[in-house]
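The structure under discussion appears below in the form of structure tokens.
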Amino acid sequence: MHLSIGILSSLLATTAVATSNSRFFKRQGYNSTDYVLKQGPLDTPWTEKVGTDPWPEYPRPQLARSEWKNLNGVWRYQNATGFSELNAPPFGKELELPVLVPFCLESALSGVMGNHTIYSWYRTTFDVPSSWTAGNRVLLNFGAVDWNATVFVNGHQVFNHVGGYFSFSVDVTDQLSTNGTNELYEILFVFDPTDMEGYNIPLGKQRLVPSHIFYTPCSGIWQTVWLESAPANHITQLDVSADMYGKVNVTVHGSGNTSSIVQVTIYEPHSTVAKVTAKGRANEPFIFDVDDFDLWSPDSPTLYNMTVKMDGDTVQSYTGFRTISSGEVDGVPRPLLNGDFVFMFGTLDQGYWPDGLHTPPSREAMVYDLEVLKSVGYNMLRKHIKIEPALFYQACDEMGIMLIQDMPALVDGYHIPGNVCHDTDDVKDEASQKEFERELALLIEQHRNYPSIVTWMIYNEGWGQERKKEYPEFRLTDMVKSLDPTRLVDSVSGWHDHGAGDFHDNHHYSSPQCGTPFYSTASTPYNPSQDRRIAIQGEFGGIGNNITEEHAWKVKASIDAVNGTYELDDTIEIWNYRAHHILKELEEQITLFACSGAVWTQTTDVEGEVNGMMTYDRRLIRMDKDQWKDDIQALYDAAEKRGNSTMRMMARGDDLDVL
Ligand SMILES: *[C@@H]1O[C@H](CO)[C@@H](O)[C@H](O)[C@H]1NC(C)=O
Ligand SMILES: *[C@@H]1O[C@H](CO)[C@@H](O)[C@H](O)[C@H]1NC(C)=O
Ligand SMILES: *[C@@H]1O[C@H](CO)[C@@H](O)[C@H](O)[C@H]1NC(C)=O
Ligand SMILES: *[C@@H]1O[C@H](CO)[C@@H](O)[C@H](O)[C@H]1NC(C)=O
Ligand SMILES: *[C@@H]1O[C@H](CO)[C@@H](O)[C@H](O)[C@H]1NC(C)=O
Ligand SMILES: *[C@@H]1O[C@H](CO)[C@@H](O)[C@H](O)[C@H]1NC(C)=O
Ligand SMILES: *[C@@H]1O[C@H](CO)[C@@H](O)[C@H](O)[C@H]1NC(C)=O
Ligand SMILES: *[C@@H]1O[C@H](CO)[C@@H](O)[C@H](O)[C@H]1NC(C)=O
Ligand SMILES: *[C@@H]1O[C@H](CO)[C@@H](O)[C@H](O)[C@H]1NC(C)=O
Ligand SMILES: *[C@@H]1O[C@H](CO)[C@@H](O)[C@H](O)[C@H]1NC(C)=O
Ligand SMILES: *[C@@H]1O[C@H](CO)[C@@H](O)[C@H](O)[C@H]1NC(C)=O
């Protein structure tokens, strides 16, 4: 864009929108007149409402600063040929196409709807609000970029980040001009080797050639990009846990590594009245007690706001008081929430959208899925081999939805087209294993503050799991437990179980085999006299019901794959009838055997899969809501009969008076 400074600054004029406690600077459109929403294979009721100012919410609710500027909106994009282009980045040049950030390049909402977008350039310009305090630092934040992002500001390479599901923050102050000219730009080079020869990266369900249970990939920026202002020694990370006894454990990480005094204030819910103020030192854990509080649970998801101060920096956060553990209730190993056995019933939740792929079209759309599930009584979701934006976890915290959070899988040797190696020792690539482990640690470090997450899941159905001794899940389970001793670990969900972790997790379609003495040959039997782990059904259900063209992902390969569904039911009535019987089977297994939780496949249809509670476009709810509500309540009732609050009293012991 060759514009004089005068035109540029009017294009980039900022408007401050005052809210109660934050100053949010709205970014004006950047050459957005040629952005056009693409017609994808299917849309949702929210697609048309996205406009060119998507995801305006502050994106990091557990470390929120008041002075910030959203950089979402129309940027420019250009396909690149390879790493060699890094030798001559297109500084000062306009890139070919408009792209709507934060929607990945393959999505209709991005306006690109690309394919094979392996190397990409992104460019935008921005200015820094003149009111931001001189002497403060300017931080450039990315919610997530899939997979390897190299960031340039004003012609300087400032950062390189690898990992498609994680946030990162770059201090760009030194790259900003100090001469009063606000012509700043940022260029991003992204490398996303989905299914590329020589690469096996954590990517979940993304495939270059989608096929039934594998879907369209998602490359590039797919979460909010924003700027914020912070003092030189600022808070970079908070580690917070709060348990059922009122013990709060906080580590405030500061950019300067100093042992500055930090102050944490916890407020009464929905109030500005301070409940507790505690002081400690930065960069080391400190622990304090809170009295007279309400526990967090799915039925009563009470949260407490907090303010954290360090030197001149102040951030907002929140926490919830709850304890996850395992224990025996009437002789059966159970997951315990606040000392009670709570039967966990959830859907397999993939988090895919026909218009935005990995990115929901809006927060409202994202919350709609959760509301539909909650309305029939689901109290849990298995967030399936994908990691969501922070606002998703905040919504689960607020709504009372427990989460089993999966690590995004590598590609399994078994599933690589043309690879006929079906049995053990599929995964020989040590570099991929190391990267999987590095990103697994990032998953825990970036998400362990959310009260809603109750369990980490490492390997799904053996994908990317080395199947020879020493089985990697033992080492990885130890790693996860050392990074986060406050949660349970589901080391392998389905197949190739060698006894690691807290769960015996079976997958079976369509009927469950949950903690039962009968099993299919792909799994292992659950024998409570030998296995003291908790038995759950990590996947079952999956019955399908084909859809009319208006709700279908209109891609021939996907429509052709519908016949790969485990079971197709002719009508929605028959689908509901079948679901009722499958849920009754699960209920019996709770009553008779050792079943402690289960995951129904799945929240919505996804591309060629037609087995959702809702269709992929969210326009049709398949569930007969009253029937599902009754059947789900019957599961909780059956579980309640097997174990009640006795455990809770025992677990609390001397602390009974706390509550
Ligand atoms: C936007 O950029 C494109 C590509 O450089 C250019 O063709 C177009 O005229 C620009 N539009 C505006 C409104 O500046
Ligand atoms: C991008 O460039 C690569 C390498 O030159 C090429 O293989 C690919 O087809 C291009 N993709 C698009 C969408 O133009
Ligand atoms: C990531 O990109 C950088 C370029 O900034 C490159 O040097 C590095 O090798 C890439 N790493 C991977 C694992 O692709
Ligand atoms: C101000 O600084 C920027 C980058 O640091 C530079 O490109 C620009 O030419 C400078 N402008 C003046 C008027 O010195
Ligand atoms: C992308 O290309 C692959 C072939 O490499 C093809 O199978 C797939 O259908 C294409 N996707 C789209 C959305 O065109
Ligand atoms: C407090 O949390 C840190 C991790 O942030 C952990 O290392 C430490 O053991 C915890 N302390 C207690 C008493 O739970
Ligand atoms: C702070 O400590 C970390 C880990 O020890 C180190 O990587 C980082 O460079 C240090 N930062 C500063 C500003 O000293
Ligand atoms: C936390 O603070 C936000 C912003 O002031 C407010 O909207 C929200 O209701 C508060 N939540 C709780 C649990 O106090
Ligand atoms: C599913 O429905 C589509 C129309 O939406 C149709 O083209 C396809 O043949 C059907 N597949 C099966 C297996 O019934
Ligand atoms: C589904 O149909 C496709 C062609 O429409 C065929 O190639 C494939 O074998 C069928 N699969 C099953 C499981 O019937
Ligand atoms: C709770 O469990 C205890 C011990 O198993 C049992 O005696 C009691 O009757 C149970 N209470 C209810 C309400 O089910």
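We count ligands from 1, going down the list as the structure has it; atoms in each ligand are counted the same way.
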Taking atom types as modelled, find out whether Q394 and Y318 have a side-chain donor-acceptor pair closer than 3.5 angstrom.
no
Does one side chain, of E96 or N79, offer a donor that lies under 3.5 Å from an acceptor on the other?
no
Which of the numbered atoms in ligand 9 are below 4.0 angstrom from a heavy atom of T548?
5 (O)
Restricting to non-hydrogen atoms, name the atom on I543 and the atom on S510 that form the minimum distance, rounded to 0.1 Å.
CG2-CB, 3.7 Å
Residues D34 and P98: closest non-hydrogen pair is O-CG, 3.4 Å
In terms of atom number and element, which parts of ligand 9 are under 4.0 angstrom from non-hydrogen atoms of E549?
5 (O)
I'd like to check which ligand 6 atoms, numbered from 1 as shown, lie under 4.0 Å from a non-hydrogen atom of N249.
1 (C), 2 (O), 3 (C), 8 (C), 10 (C), 11 (N), 12 (C), 14 (O)
Could you pull out all residues at least two apart from K38 that satisfy salt bridge (Lys or Arg N to Asp or Glu O under 4.0 Å)?
none
Nitrogen or oxygen of L568 less than 3.5 angstrom from that of ligand 9
no
D239 N/O under 3.5 Å from ligand 6 N/O:
no
Contact atoms of ligand 9, heavy-atom distance to I547 under 4.0 Å:
2 (O), 4 (C), 5 (O)
Result for ring-ring contact (aromatic ring centres under 6.0 Å, His included) between W121 and one of Y77, F189, F191 points to F189
Need the ligand 6 atom indices (1-based, order shown) with element for anything under 4.0 Å from a heavy-atom of T251.
5 (O)
What part of V610, side chain, backbone, both or neither, has a heavy atom within less than 4.0 angstrom of ligand 9?
neither
Just which atoms of ligand 6 are under 4.0 Å from any heavy atom in I287?
11 (N), 12 (C), 13 (C)
May I ask you to check if ligand 9 and N546 share an N or O to N or O distance below 3.5 Å?
yes
Locate the shortest heavy-atom distance separating R487 from T455; write the atom from each residue and the value.
CD-N, 4.4 Å
Is it true that a side-chain atom of Q206 and a backbone atom of C218 form a donor plus acceptor pair closer than 3.5 Å?
yes
Tightest non-hydrogen contact, residues G164 and E439, listed as N-OE1, 4.3 Å
Could you check E607 against T216 for side-chain hydrogen bond (donor to acceptor under 3.5 Å, both in side chains), going step by step and ending with a plain yes or no?
CA-CA 8 Å; E607 302 198 352; T216 306; 2.7 Å; yes
Assess the side chains of E106 and S110: does a donor N or O sit below 3.5 Å from an acceptor N or O?
no
Per-ligand residue contacts, ligand 5, heavy-atom threshold under 4.0 Å
N115, H116, L208, V209
